[in-house]
Amino acid sequence: MRKYFVTGFYLLIAGGLLLLGGILMGANRSVVWDHGFKVAQVKNETYPLSDFDNIYVEGRDTDINIKFGDRYKIHIDGDKSQAPTYSVKDGTLTVNGSDKKGRVGVDVLGREKVTITIPMNKTLDNVDLRTANSKIRISDVTINNLIKTAKDMDYDADMSLNDVTIHNAKKIDLYNADFELKNSNITNLSLTASAHSEIEAENATLKNPSINLDQSSLDVDESNIDSMKVFVNHGKVEIEKSVFMNNNQVRLLNTSRFEGEKLTVDGLKLNTDKGVVRYFDKSYGTSFENKTDATNLLDVKATKGTITVK
C-alpha cells in the first residue's frame, strides 16, 4: 500500500510540473467538462455599440470596467464558452454574465472581463449592477443614478470609483466587499455594508451621505463631507484631513469607535455612555462639547465605544 501511495505522490508532482510548464509555454490553460471534455478558447474582442443612456449588468465571475473613450463599444476578454452576452435595446445596454453552472475542470483563465466605453461628453442616466464574485471599476464618467447590489450574498463584488460624478447613489449594498472612492463627487449616497466590508474615500466630496455599517469600517481622507449620517454596529470610522459642512452625525453602537485627525469643523458634540472621549490626547471622560450651535457641526455619540479627535 505504501508503494502505491509513494508512486501516486510522485505522479501528482510530475503532473503539476507538466501543467505549469505548459502554462508557461503558452499552452491553453483551461480544460472543462461541458457536455464532454473541452479545451477552453480565449475570446478577446471589441464590438461597436449603438448609443445608450443606461447600463444593466447581472451575473457572476465577470469583472466590469466602465470608462470614457472615443465611442460606444464593449470589449470582452475570457473563456469563449463562458463569455457574457450583451444587447442594446431602447437606450439600455444589458450585459449578462455566465453563471458557470455544470462546468467542472481545471480553469486558471480567471474571471471573464467586460470593458464598456462611452464617449467622454456623455452622461449615463442609470447604471444598475447586480454581480457576484467580481470587481467593478468605474472611471471618468458622470452618472445620474447608480445602484449596486449583490447577486449572491456569499460572493459580493468589490467596487472602485475614480474621477466620477454621481448625482444619486441611493442603493449601494456591500457584503464582505470593498468600496473605494477617489477624486470623485457623490450626492445622495445611501450605502449599507456588512460582514467585514471596507469603505475608503480619498479626495472625495460626499454630499448628504447615509452610511450603515455592521462589522465594517469607513476610512475617509482629505475629503469634503456635507450633512453626513453614519450608523455603526461593531465597526469603526476613521476620518483624517477632511472638512465638515452643515450637521454631521455619527452613531456608534456596541464596541464601535470613532477616530478623527486634523479635521476642519466649527463645532463638536462628542458623547459616549460607557466609553471614553479623548480630545487632543486629553481624556474628557464621557463628554466633550464645543460650539454646539455652530452651523458646521460634528456630532458623535457612542454607547460603549471610544471617541478620539486630535
Side-chain angles (χ1 to χ4, degrees), residues 126-130 136 138 142-150 153 156-161 164-240 242-254 256-260 263-265 267-272 294-303 305 307 309:
N126 301 285
V127 176
D128 191 344
L129 306 168
R130 304 175 187 271
I136 301 168
I138 304 177
T142 298
I143 301 172
N144 287 330
N145 299 284
L146 174 66
I147 293 175
K148 183 265 177 195
T149 56
M153 287 302 294
D156 200 354
D158 296 335
M159 173 176 274
S160 175
L161 306 180
V164 301
T165 298
I166 299 176
H167 299 302
N168 290 284
K170 293 187 176 181
K171 187 175 178 60
I172 305 294
D173 292 341
L174 303 172
Y175 183 88
N176 191 23
D178 296 337
F179 180 87
E180 295 183 356
L181 179 68
K182 292 185 178 181
N183 308 318
S184 299
N185 301 330
I186 297 187
T187 303
N188 299 324
L189 170 65
S190 181
L191 185 150
T192 300
S194 60
H196 308 289
S197 295
E198 295 184 3
I199 299 96
E200 296 182 359
E202 182 180 350
N203 192 28
T205 296
L206 303 174
K207 186 174 182 180
N208 195 31
S210 177
I211 300 173
N212 289 273
L213 306 176
D214 184 16
Q215 299 184 50
S216 299
S217 63
L218 171 66
D219 188 347
V220 181
D221 189 18
E222 297 184 337
S223 296
N224 297 315
I225 304 170
D226 187 347
S227 305
M228 176 180 70
K229 292 183 179 179
V230 180
F231 296 88
V232 190
N233 181 45
H234 293 295
K236 66 178 180 180
V237 176
E238 297 179 347
I239 301 178
E240 183 178 355
S242 295
V243 178
F244 288 93
M245 293 167 283
N246 295 308
N247 196 330
N248 300 271
Q249 298 180 357
V250 179
R251 297 295 179 260
L252 309 171
L253 304 178
N254 296 306
S256 303
R257 69 180 189 271
F258 176 91
E259 295 180 7
L263 306 180
T264 301
V265 64
L268 290 172
K269 288 179 65 176
L270 311 177
N271 295 278
T272 180
T295 300
N296 301 316
L297 179 69
L298 174 61
D299 179 1
V300 184
K301 184 173 177 58
T303 55
I307 301 172
V309 174

Note, I147 side chain near N126 side chain (heavy atom, < 4.5 Å)
no

Kindly indicate, with the supporting measurements, whether the criterion side chain to side chain donor-acceptor pair (under 3.5 Å) is fulfilled by N203 and N183.
CA-CA 5 Å; N203 192 28; N183 308 318; 2.8 Å; yes

Evaluate S194 against D214 for side chain to side chain donor-acceptor pair (under 3.5 Å), listing each step before the verdict.
CA-CA 5 Å; S194 60; D214 184 16; 5.7 Å; no

S217 OG to D178 CG distance, which is reported to the nearest 0.5 Å
8.5 Å

Charged N to carboxylate O below 4.0 Å: is that the case for R251 and D299?
yes

Sidechain-backbone polar pair: D158 side chain, A177 backbone, donor-acceptor under 3.5 Å:
no

T187 (side chain) donor-acceptor with N168 (main chain) under 3.5 angstrom
no

Decide yes or no for L213 and F231: does some side-chain heavy atom of the first lie under 4.5 Å from some side-chain heavy atom of the second?
no

Report yes if the side chains of L206 and M228 come closer than 4.5 Å at any heavy-atom pair, otherwise no.
no

Can you check whether L129 reaches I138 side chain to side chain, under 4.5 Å on heavy atoms?
yes

Contact between E259 and I239 at the side-chain level, heavy atoms closer than 4.5 Å - yes or no?
no

Heavy-atom pair of closest approach, residues A169 and I186
CB-CG2, 4.1 Å

Rounded to the nearest 0.5 Å, how far does CD1 of I172 lie from OG1 of T192?
9.5 Å

How about L146 and D128: do any of their side-chain heavy atoms sit closer than 4.5 Å?
no

Are the side chains of T142 and H167 in contact, using a 4.5 Å heavy-atom criterion?
yes

So, the side chain of N208 versus the backbone of N188: is there a donor-acceptor pair under 3.5 Å, distance only?
no

Should L191 and N212 count as side-chain neighbours, where that means a heavy-atom distance under 4.5 Å?
no

Reported CG-to-CG distance for the pair L297 and L268, which is rounded to 0.5 angstrom:
7.5 Å

Only one of V309, V232, T272 forms a side chain to side chain contact (heavy atoms under 4.5 Å, CB included) with F258, so which one is it?
V309

Indicate the atoms forming the closest heavy-atom contact of K148 with D156, along with that distance.
NZ-OD1, 2.7 Å

Please check: side-chain N/O of T205 versus main-chain N/O of N185, any donor-acceptor pairing under 3.5 Å?
no

Approximate separation, where rounding is to 0.5 Å, of D221 CG and K182 NZ:
10.5 Å

Interatomic distance, CG@N176 vs OG@S216, rounded to 0.5 Å, equals 8.5 Å

Taking side chain to side chain contact (heavy atoms under 4.5 Å, CB included) as the definition, give me every residue that meets it alongside T303, ordered by chain and number, with sequence neighbours left out.
L253, D273

Check salt bridge (Lys or Arg N to Asp or Glu O under 4.0 Å) between D173 and all other residues, then give those that pass, not counting sequence neighbours.
K171

Out of curiosity, I307 CD1 to K301 NZ, how far, rounded to the nearest 0.5 Å?
8.5 Å

